[in-house]
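Please read all numbers here as calculations on a predicted model, not as lab measurements.
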Number of protein chains: 2
Amino acid sequence: MTVLFSRKCEYALQGILYLAEKQDQGNISADQIAKDLSISKDFISKTLQSLVKEGIVLSSRGKTGGFALARAPEELSLLDIILVIDGNGVFESCVLGLPTCGSDSPCSVHEQWGPLREASRQMLANTTVAQFKPTNETDK
Amino acid sequence: MTVLFSRKCEYALQGILYLAEKQDQGNISADQIAKDLSISKDFISKTLQSLVKEGIVLSSRGKTGGFALARAPEELSLLDIILVIDGNGVFESCVLGLPTCGSDSPCSVHEQWGPLREASRQMLANTTVAQFKPTNETDK
DNA sequence: TTTAATTCGGACTGATTACTCTGCTTTTGT
DNA sequence: ACAAAAGCAGAGTAATCAGTCCGAATTAAA
């Protein structure tokens with residue numbers, strides 16, 4: 001089944017949302033995340049490491065180590081995460097995969113697709129991680 | 001790179017559009033399609049066979065054999081082809097892959113994504129193969 | 001009736017994605 | 001100092017997707 005984002009990207013989003021939820025509880029171990037999200041510990045671990053490299057997530061080793069958000073949830077959009085994991089290919093290439101299709105010689109759906117694609121992008125850019133937090137006020 | 005539709009689906013769309021273009025030239029061989037679209041003959045062949053099974057494309061064997069559209073291009077939408085090859089997963093599942101997300105307990109983007117997804121679907125459903133034909137009138 | 005040109009079916013191969021394993025390093029509590 | 005608990009890195013494995021190959025069945029023309 002073809003899906004908009006890669007599995008890894010979906011897990012990254014879920015992981016980030018989870019970290020935001022537990023934001024005030026300090027470091028969260030990959031083990032705990034994995035259990036609560038029912039994902040493989042090794043895989044979510046690797047995925048979060050990608051986000052650590054990009055400065056989106058903080059990590060610390062050792063006995064009390066784990067992961068935490070590097071930015072305020074209000075300053076972190078879903079698109080930020082998607083771009084790191086999957087890149088922006090989804091928002092760029094021709095929907096029909098037509099090799100000739102581009103802004104200069106667009107295919108029949110190109111013009112109609114553009115606004116939809118842009119709206120999707122905007123929505124993901126405007127939706128912050130904070131909006132997923134259950135019932136907290138602004139910042140802690 | 002993650003993309004909306006599978007490669008096979010993209011080829012199917014390109015193949016159908018090509019068949020529509022050559023509609024008045026009788027059967028078109030997989031070999032010719034492959035050459036003109038710069039796709040592997042074997043692969044486009046297999047792909048079109050899937051569409052034959054669903055009654056979207058006609059095929060005939062033998063010396064003058066080849067493929068042709070089974071329906072009028074005006075009666076064939078892009079969505080028809082997409083559904084056969086990729087199914088409707090893209091239009092159904094949660095964008096974020098959240099396991100809990102559904103119409104009963106939607107995630108934060110679910111509500112906003114719905115209209116976009118529906119608009120995309122509508123656009124693909126309303127765009128017929130005929131719209132791609134260069135400069136022909138209605139039906140021959 | 002033979003031959004050439006085609007689709008068709010199934011098995012096969014290669015590439016990419018998804019995930020796992022193992023061992024190492026770091027850090028903290030005892 | 002030591003042991004336990006965590007992340008990290010790289011190699012390895014499994015599954016799916018993309019594409020190939022080959023031989024059989026079909027059909028039309030020579």
Name all residues meeting the salt bridge (Lys or Arg N to Asp or Glu O under 4.0 Å) criterion together with A/Arg61; count only those two or more places apart in sequence or in a different chain, and write none if there are none.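 Listed in chain order: nothing, the list is empty.
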
With sequence neighbours left out, write down each residue that passes salt bridge (Lys or Arg N to Asp or Glu O under 4.0 Å) with A/Arg121, or none if nothing qualifies.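 Partners of A/Arg121 by the salt bridge (Lys or Arg N to Asp or Glu O under 4.0 Å) criterion come out as none, since no residue qualifies.
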
Looking at C/dC19, I'd like to know if its phosphate oxygens (OP1 or OP2) sit under 4.0 Å from a side-chain N or O belonging to A/Arg7.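 True: A/Arg7 side-chain N/O within range (under 4.0 Å) of C/dC19 OP1/OP2.
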
Both A/Asp42 and B/Lys63 contact DNA chain C. Taking the nearest nucleotide for each, which residue is further toward the 5' end? B/Lys63

A/Gly65 near the nucleic acid: base, sugar-phosphate alone, or nothing, with a heavy-atom cut-off under 4.0 Å?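 Sugar-phosphate, no base atom in range.
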
Among residues at least two apart in sequence or on other chains, which ones pass side chain to side chain contact (heavy atoms under 4.5 Å, CB included) with B/Lys41?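 Expected list: B/Ala30, B/Asp31, B/Ala34.
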
According to side chain to side chain contact (heavy atoms under 4.5 Å, CB included), who are the partners of B/Asn126, at least two apart in sequence or on a separate chain? B/Gln122

Residues passing the ring-ring contact (aromatic ring centres under 6.0 Å, His included) test with A/Phe43, sequence neighbours excluded, are A/Tyr11

Out of C/dT25, D/dG19, D/dA29, which has the shortest distance to the side chain of A/Arg61? C/dT25

B/Thr64 side chain, from C-beta outward: closest of D/dA28, D/dA18, C/dT6: D/dA28

Strictly below 4.0 Å, N to O, side chains only: are A/Arg71 and A/Asp80 in salt-bridge contact?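 Yes, this pair counts.
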
Which ones in residues 45-58 of chain B lie close to DNA chain C, meaning a heavy atom under 4.0 Å from one of its atoms?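 Of all residues in residues 45-58 of chain B, the ones placing a heavy atom under 4.0 Å from DNA chain C are B/Lys46, B/Gln49.
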
